[in-house]
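Let me begin by presenting the structure, written as structure tokens, before commenting on it.
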Protein chains: 2
Amino acid sequence: MINKNSPIPLYYQLEEHIKGLIENGELSPGDALPPEREYAEKYQISRMTVRQAFTQLVNEGYLYRLQGKGTFVAERKIEQPLQGLTSFTEDMKARGFTPGNKLIKFEIIPATSQIAGQLKISEYEPVYEIKRIRLADGVPMALETNYISANLIKGLTEQIANQSLYGHIEEHLNLRIESASQVIESSSASQNEAKLLKIANGAPVMHIQRNTYLHDGTPVEFVKSVYRADRYKFMIQMKR
Amino acid sequence: MINKNSPIPLYYQLEEHIKGLIENGELSPGDALPPEREYAEKYQISRMTVRQAFTQLVNEGYLYRLQGKGTFVAERKIEQPLQGLTSFTEDMKARGFTPGNKLIKFEIIPATSQIAGQLKISEYEPVYEIKRIRLADGVPMALETNYISANLIKGLTEQIANQSLYGHIEEHLNLRIESASQVIESSSASQNEAKLLKIANGAPVMHIQRNTYLHDGTPVEFVKSVYRADRYKFMIQMKR
DNA sequence: GAGTGGTCTAGACCACCCC
DNA sequence: GGGTGGTCTAGACCACTCC
């Protein structure tokens, strides 16, 4: 199970092993895990290394510890929308729909003051403006407009916009998206929104604004979305 | 700064010390911290203990690490709604309003099948049903109905319902609320909702359903809220 | 008292960054 | 090459739970 000659850290190997046991059902919610000292001896690793693996799993919500009693498998997290920081594509798949895209705008424009403020850049700096209709099983679900600093994220193409923006940013540019803030409000569809979403003028919609940030707080993008309220519920999980 | 004779763990003392430096502005976003080894020597503690403090602060979003370069102060988290798991009272204070309450129902009822399902108890088991109008600066902002298992949380009174439910649960019953899931949707106010919120019949509202859980996954409560959409935006922060 | 997790030490070597 | 964080060891003692 644990390979000391692997370049993969020992604590990470143990972490994945335990995660596997939980996901396979070999460990069920409420079950006690073998004590830390037992793992250490069994795999001939230090207890601190076992603790590092356990601590990670506790932070991720797989386990919980009770002092003096032991370490236990946590209740399965309910219909988890992956802590919230998901792309539209991931979100729709998790809900059992087939996601789709219709690109309706892909331009580089000078930043307006609102965009510049959100992205913490100067006015008139170049930004990508990408407007897409988001489909679920072929039906319009949302209207999404992304603003991304062209000086920070280079080499975006229509091709990429039709596939995975996040994938491109994280894999090809080696930038890690770390956090996001969202503001959600209810309102009524404007004429243009109604037309693109194929809903009635004035029908209820949810406006969602999302700002995403790198680990050092640099804004990566700023997204305005309009979801049709008759088909979309926003789900979020939180830990204290 | 670090007191070895204190019963407070060393890593925690260091953590609070650094957090203080950041909040006082003695350390600014982007600043590099002294290296781990320097802290270890300065306070005569082990490097592993320093790392434990740093790791916590990284997880809490105060710091970030770059291998080979150092540890840095993260950008200030934007208008943070405290990771989301806040009470109405905390939420309104953070937004600069004076929160208020108007209790309109406080009963013990037998659980309906919906309530039983959400709280994972049996049908007809006793539950508290607490209905309140939530005010901001004296104006109705939301309608909130809590369902709490009377067998799990004992001794609730109208008095407590008018103050702090969470406070009572966490302090007096020694139960830690660990996580929550929320579902948010847009709709239109029913006649009754409109009347209680003093808005027009059919005006846009946000329905928010929240389920809260203990660390082992036991459901603590189940809350249905109706917020008036003209005055309320839902804000949420997420980490990947 | 035995067993559990919580804290802590004093080292070690590795991987990565920058000069 | 020197400095940084990343991983890891083999112990130690403490606090808490349960019998």
Side-chain angles (χ1 to χ4, degrees), chain A residues 1-18 27 30-74 174-176 178 215-216, chain B residues 1-18 27 30-74 174-176 178 215-216:
Chain A
M1 291 296 170
I2 300 289
N3 177 2
K4 288 212 177 192
N5 297 318
S6 161
I8 299 165
L10 299 178
Y11 76 90
Y12 187 78
Q13 294 183 43
L14 180 56
E15 217 182 302
E16 291 299 305
H17 171 61
I18 295 173
L27 282 172
D31 285 1
L33 267 77
E36 298 171 353
R37 287 165 177 86
E38 197 174 312
Y39 269 109
E41 188 172 9
K42 182 172 170 192
Y43 296 116
Q44 289 297 301
I45 57 182
S46 136
R47 188 179 153 220
M48 282 300 268
T49 303
V50 177
R51 278 185 67 75
Q52 196 174 350
F54 277 35
T55 301
Q56 263 294 332
L57 291 168
V58 167
N59 287 337
E60 291 172 15
Y62 286 93
L63 306 178
Y64 62 96
R65 298 201 254 224
L66 295 178
Q67 186 170 154
K69 296 183 75 173
T71 304
F72 302 85
V73 179
N174 199 26
L175 296 171
R176 269 191 337 177
E178 247 291 302
H215 56 356
D216 65 351
Chain B
M1 291 294 172
I2 301 289
N3 177 2
K4 289 212 178 195
N5 297 319
S6 162
I8 298 164
L10 300 179
Y11 76 91
Y12 187 78
Q13 295 184 42
L14 181 56
E15 215 183 302
E16 291 300 304
H17 171 61
I18 294 173
L27 282 171
D31 285 2
L33 267 77
E36 297 170 353
R37 287 167 178 85
E38 196 174 314
Y39 270 109
E41 188 173 9
K42 183 172 170 193
Y43 296 116
Q44 288 297 301
I45 58 181
S46 137
R47 186 178 155 221
M48 282 300 269
T49 303
V50 176
R51 278 185 68 75
Q52 196 175 349
F54 277 34
T55 300
Q56 262 295 332
L57 291 169
V58 167
N59 287 337
E60 290 172 16
Y62 286 94
L63 306 178
Y64 62 97
R65 299 202 253 223
L66 295 178
Q67 186 171 150
K69 296 183 74 172
T71 303
F72 303 84
V73 179
N174 198 27
L175 296 172
R176 267 191 338 180
E178 245 292 300
H215 57 353
D216 64 352

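A, B, ... follow the sequence lines: proteins, then strands. Residue 1 opens every chain. This is a predicted model, so every value here is computed, not measured.
If you check D:dG5, C:dA10, D:dG11 against the side chain of B:E36, the one that comes closest is D:dG5. Among the nucleotides D:dA12, D:dT4, C:dT9, the one closest to any side-chain atom of B:P35 is D:dT4. Distance from the side chain of A:P9 is smallest to D:dT7 among C:dG5, D:dA10, D:dT7. Distances from the side chain of A:S46 to the nucleotides D:dA10, D:dA12, D:dT7 place D:dA10 closest.
For D:dG6, the OP1/OP2 oxygens have a side-chain nitrogen or oxygen of B:R65 closer than 4.0 Å. Distances shown here put a side-chain N or O of A:T71 below 4.0 Å from the OP1 or OP2 atom of C:dG5. OP1 or OP2 of D:dT9 has at least one side-chain nitrogen or oxygen of A:K4 nearer than 4.0 Å. Residue B:K69 places at least one side-chain N or O closer than 4.0 Å to OP1 or OP2 of C:dC18.
B:I45 and B:K4 make their closest contact through CG2-CE, 3.9 Å (heavy atoms, listed as atom of the first residue, atom of the second, distance). Residue B:V73 comes nearest to B:L63 through the heavy atom pair CA-CD2, 4.0 Å, listed as atom of the first residue, atom of the second, then distance. For A:G61 against A:A74, the heavy-atom pair with the smallest separation is O-CB, 3.4 Å.
The interatomic distance linking B:Y39 (OH) with D:dG3 (P) rounds to 19 Å, in whole Å. In this entry the distance linking CE of A:M48 with P of D:dA12 reads 15 Å, nearest Å. For the pair A:I8 CD1 and C:dC14 P, the computed distance is 18 Å after rounding to whole Å. Summarising the geometry, the separation between CG on A:L10 and C1' on C:dC13 is reported as 13 Å, rounded to the nearest angstrom.
Contacts of A:Q67 with the nucleic acid, taken as non-hydrogen atoms under 4.0 Å apart, include base atoms. Across all strands shown, A:Y11 has heavy atoms under 4.0 Å from sugar-phosphate atoms exclusively, and none from any base.
A search for side chain to side chain donor-acceptor pair (under 3.5 Å) contacts involving A:T55 returns A:R65, not counting sequence neighbours.
Between the axis at the start and the axis at the end of the helix from C:dG1-D:dC18 to C:dC18-D:dG1 there is an angle of 10°, using five pairs per end and rounding to 10 degrees.
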Take A:E38 and A:E41, measure what side chain to side chain contact (heavy atoms under 4.5 Å, CB included) needs, and give me the verdict at the end. CA-CA 5 Å; A:E38 197 174 312; A:E41 188 172 9; over 6 Å; no
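For B:R37 against D:dG5, a side-chain N or O and a base N or O form a donor-acceptor pair under 3.5 Å.
Under the side chain to side chain contact (heavy atoms under 4.5 Å, CB included) test applied with B:T71, the options B:F54, B:Y39, B:Y64 reduce to a single match, B:F54.
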